[in-house]
Visitor: 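Please find one structure pasted underneath; my questions will follow.
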Amino acid sequence: MLLPLKKSINQKVIYTPQGCESIQLWIKREDLLHPDISGNKYRKLRYNVERAAMLGFDTLLTFGGAYSNHIAAAAAAGKELGFKTIGVIRGDELEYLDNVWTENPTLAFAKSQGMQFKFVSRTDYRLKDTEAFIEQLKSEFGSFYLVPQGGTNEWAVKGCEEILSDEDDVFDFITCGIGTGGTISGIINSAKSHQKVLGFPALKDDFLGEEILKYVNKTENWELIKDYHFGGFAKINEELVRFINDFKNQTGVALDPIYTGKMLFGIVDLIQKNYFPKEARILAIHTGGLQGILGMNYRLSKQKLNQLI
Ligand SMILES: *Cc1c(COP(=O)(O)O)cnc(C)c1O
């Protein structure tokens with residue numbers, strides 16, 4: 001196995017609103033799986049890199065935004081496992097920014113891991129799944145194993161089925177943040193029938209449910225909670241920053257501003273609103289993504305806003 005099967009620990013946290021102390025909140029620390037191939041990205045890459053090696057590829061090519069956790073993880077996996085990596089990045093303006101490597105910690109990190117970049121316009125980026133676009137990439141870079149944006153495909157879902165294990169059967173609710181829907185699909189597939197999986201989309205997207213249904217064959221034991229995206233992908237406000245900082249101070253667990261921060265804000269709000277039964281046991285999956293804090297702080301400081309600690 002290039003990336004061995006790992007099991008992460010569950011940590012109980014005390015961050016319960018007054019009057020709701022009988023509800024138990026636990027966090028599955030997938031963020032501790034690997035220092036650089038963070039959280040769910042480790043799970044999503046595991047079978048993909050194995051397939052790439054089996055099929056004889058020496059190069060991984062993938063897509064992402066300029067602050068993408070997936071880009072950072074794919075670059076680190078390539079370095080550790082001996083693949084060349086190419087990142088096709090949304091935003092061609094980045095190519096002309098002299099200071100992109102100092103201003104963008106994600107790209108700087110990926111570069112330090114040996115990733116080669118191709119910056120494309122937002123219009124071209126939308127064509128990234130077309131055959132013509134991929135053919136063009138092949139003529140430019142030679143043959144490669146293609147990992148989709150966010151890493152999501154059937155192999156990624158298979159990897160995410162390994163997040164839960166039998167000892168997690170004691171929980172009534174499993175929660176996770178959602179980008180493309182690959183991670184929650186794996187969790188839904190491996191959750192037991194007495195468990196309910198709650199997904200917190202990090203973006204406004206009406207088609208996420210359909211995306212998830214491509215990978216799962218259950219409709220009853222999961223639900224999307226769409227009230228906590230804070231205006232859209234990578235959008236945050238002072239209330240969220242305050243929550244993430246307070247959560248870290250009280251529990252010692254750092255949350256990322258794009259996914260896990262919004263999910264936990266949502267869980268705590270729902271506890272306050274009596275969404276959960278009195279004795280509920282909740283397992284929140286910490287999908288990692290902490291590399292995103294640096295880049296977000298850079299943007300917050302430019303707007304003279306409070307930073308994440
Ligand atoms: C990528 C990512 C997600 C979203 O995973 P999907 O499989 O795309 O839904 C959630 N949390 C973190 C920290 C991530 O980096």
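Each ligand, and each atom within it, is numbered from 1 in the order the structure gives.
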Visitor: May I ask you to say whether E103 pairs ionically with K302, meaning some side-chain N is under 4.0 Å from a carboxylate O?
Guide: yes
Visitor: Can R281 be said to sit on top of F171's aromatic six-ring, NZ or CZ under 6.0 Å from centre and within 45° of the ring axis?
Guide: no
Visitor: Is the shortest side-chain N to carboxylate O distance from K226 to D205 below 4.0 Å?
Guide: no
Visitor: Please list, chain by chain and in numerical order, all residues satisfying side-chain hydrogen bond (donor to acceptor under 3.5 Å, both in side chains) with T183, sequence neighbours excluded.
Guide: N40
Visitor: Taking NZ, NE, NH1 and NH2 as the nitrogens, is one of them in D269 or K273 under 4.0 Å from a carboxylate oxygen of the other?
Guide: yes
Visitor: Under the criterion side-chain contact (heavy atoms from CB on, under 4.5 Å), I'd like the reasoning laid out for H70 against V147: C-alpha separation, chi angles, the key distance, then a yes or no.
Guide: CA-CA 10 Å; H70 168 65; V147 183; 3.7 Å; yes
Visitor: Please list, by chain and number, the protein residues whose heavy atoms come under 4.0 Å of ligand 1.
Guide: N40, K41, K44, N69, T152, G177, I178, G179, T180, G181, G182, T183, Y259, T287, G288, G289
